Novice: 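Below is one structure. I have some questions about it.
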Amino acid sequence: QVQLVESGGGAVQAGGSLRLSCAASGRTFTRNAMGWFRRAPGKIREFVASINWLGGMAYYADSVKGRFTISRDIAANMVYLQMNSLRPEDTAVYYCAADQTYRSTWYTTEPNEYDYWGQGTQVTVSS
């Protein structure tokens, strides 16, 4: 069984930074990409960023472009999300997810196309 476990969430003031981590464990599994999503109170889950597992290419939602950086450590089986210049509207539960499908356009922003999910970590940004 594959497990994804997020960590690094917390409470910060606007303009601050946080670094989220996602540890993959369990049986070895192939993956095309790893992604981060978030769900704010009263809203649907939305795409934040994705990284191609082997090639390292990254894709971001417009709302976080230039502020967030996704990265991965293949040897450690980890994915990270560095979040800078945080805003109150970034407040949400952040989820890590794994996409096993190899695609013509390598990334997908659709949550239902990801195969494995973590439990989430809360990020709260105060003004």
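Because the structure is a prediction, the values reported are computed rather than measured. Index from 1, following the sequence.
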Novice: Just verifying a value: how many Å separate Asp73 CG and Met78 CE, rounded to the nearest 0.5 Å?
Specialist: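 It is 8.0 Å, given to the nearest 0.5 Å.
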Novice: Group every Ile, Leu, Val, Met, Phe, Trp and Tyr by side-chain heavy-atom contacts under 4.5 Å, then state whether Val125 and Leu18 land in the same group.
Specialist: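 Linked, Val125 and Leu18 end up in one cluster.
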Novice: Side chains of Thr101 and Asn32: is there a donor and an acceptor less than 3.5 Å apart?
Specialist: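 Asn32 and Thr101 do not have a side-chain donor-acceptor pair below 3.5 Å.
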Novice: Rounded to the nearest 0.5 Å, what's the gap from OG on Ser7 to CZ on Arg19? Could you check?
Specialist: 9.5 Å
Novice: To the nearest 0.5 Å, how far apart are CD in Gln82 and CD1 in Ile70?
Specialist: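 Gln82 CD to Ile70 CD1: 12.5 Å, rounded to 0.5 Å.
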Novice: Going by side chain to side chain donor-acceptor pair (under 3.5 Å), name the pairs with one or both residues in residues 39-48, residues two or more places apart or in two chains.
Specialist: Arg38-Glu46
Novice: Just verifying a value: how many Å separate Ser127 OG and Glu89 CD, rounded to the nearest 0.5 Å?
Specialist: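 If I round to the nearest 0.5 Å, the distance is 10.0 Å.
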Novice: Closest heavy-atom contact between Leu86 and Met83?
Specialist: CD2-CB, 3.8 Å
Novice: Whether the side chain of Arg31 engages the backbone of Ala98 through a donor-acceptor N/O pair (distance < 3.5 Å, no angle test) should be reported.
Specialist: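 No; zero donor-acceptor contacts below 3.5 Å.
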Novice: For residues Ala33 and Ser50, report the shortest heavy-atom separation together with the two atoms involved.
Specialist: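 The pair with the smallest heavy-atom distance is CB-OG, 3.7 Å.
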Novice: Starting at CZ of Arg87, measure out to OG of Ser63 and round the result to the nearest 0.5 Å.
Specialist: 8.0 Å
Novice: List, by chain and number, the other hydrophobic cluster members for Trp117, where Ile, Leu, Val, Met, Phe, Trp and Tyr join if side-chain heavy atoms come within less than 4.5 Å, directly or indirectly.
Specialist: Phe37, Phe47, Met57, Tyr59, Val93, Tyr95, Trp106, Tyr107, Tyr114
Novice: Indicate if Leu4 and Tyr80 have the same hydrophobic cluster label, given that clusters are the connected sets of ILVMFWY residues with side-chain heavy-atom separations under 4.5 angstrom.
Specialist: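 Looking at the clustering, Tyr80 is in a separate group from Leu4.
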Novice: Between Val48 and Tyr60, does a side chain to side chain contact (heavy atoms under 4.5 Å, CB included) hold up when you go through it step by step?
Specialist: CA-CA 6 Å; Val48 174; Tyr60 298 92; over 6 Å; no
Novice: Is it the case that atom CD1 in Ile74 sees more than 12 heavy atoms from other parts of the structure closer than 6.0 Å?
Specialist: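 Yes - once you tally the heavy atoms of other residues, nucleotides and ligands closer than 6.0 Å, there are more than 12.
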Novice: Does the pair Asn84 and Phe68 meet the rule for a side chain to side chain contact (heavy atoms under 4.5 Å, CB included), with working shown?
Specialist: CA-CA 6 Å; Asn84 298 329; Phe68 291 11; over 6 Å; no
Novice: Between Gln13 and Ser126, is there a side-chain donor-acceptor contact under 3.5 Å, judged purely by atom types and distance?
Specialist: no
Novice: Same cluster or not: Ile51 versus Leu54, using hydrophobic residues (I, L, V, M, F, W, Y) connected whenever any side-chain heavy atoms lie under 4.5 Å apart?
Specialist: yes
Novice: Using side-chain heavy atoms (C-beta onward) and a distance below 4.5 Å, is Val123 in contact with Thr91?
Specialist: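 The answer is no; the side chains never approach within 4.5 Å.
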Novice: Counting N and O atoms only, with roles assigned by atom type, does the side chain of Thr121 sit under 3.5 Å from a partner on the main chain of Gly9, one being a donor and the other an acceptor?
Specialist: yes
Novice: Around atom CD of Gln119, are there more than 12 heavy atoms from other residues, nucleotides or ligands closer than 6.0 Å?
Specialist: no
Novice: Do you know the tightest heavy-atom contact between Arg72 and Gly56?
Specialist: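 Taking Arg72 first and Gly56 second, the nearest heavy atoms are NH2-N, 3.5 Å.
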Novice: Using 0.5 Å steps for rounding, measure from the CG atom of Asp115 to the CD atom of Gln100.
Specialist: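 One finds 4.5 Å between CG of Asp115 and CD of Gln100.
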Novice: Please name the pair of heavy atoms, one in Arg103 and one in Thr105, separated by the smallest distance, quoted to 0.1 Å.
Specialist: CB-O, 3.0 Å
Novice: Stepwise, does the side chain to side chain contact (heavy atoms under 4.5 Å, CB included) test hold for Cys96 with Tyr116?
Specialist: CA-CA 8 Å; Cys96 171; Tyr116 300 105; over 6 Å; no
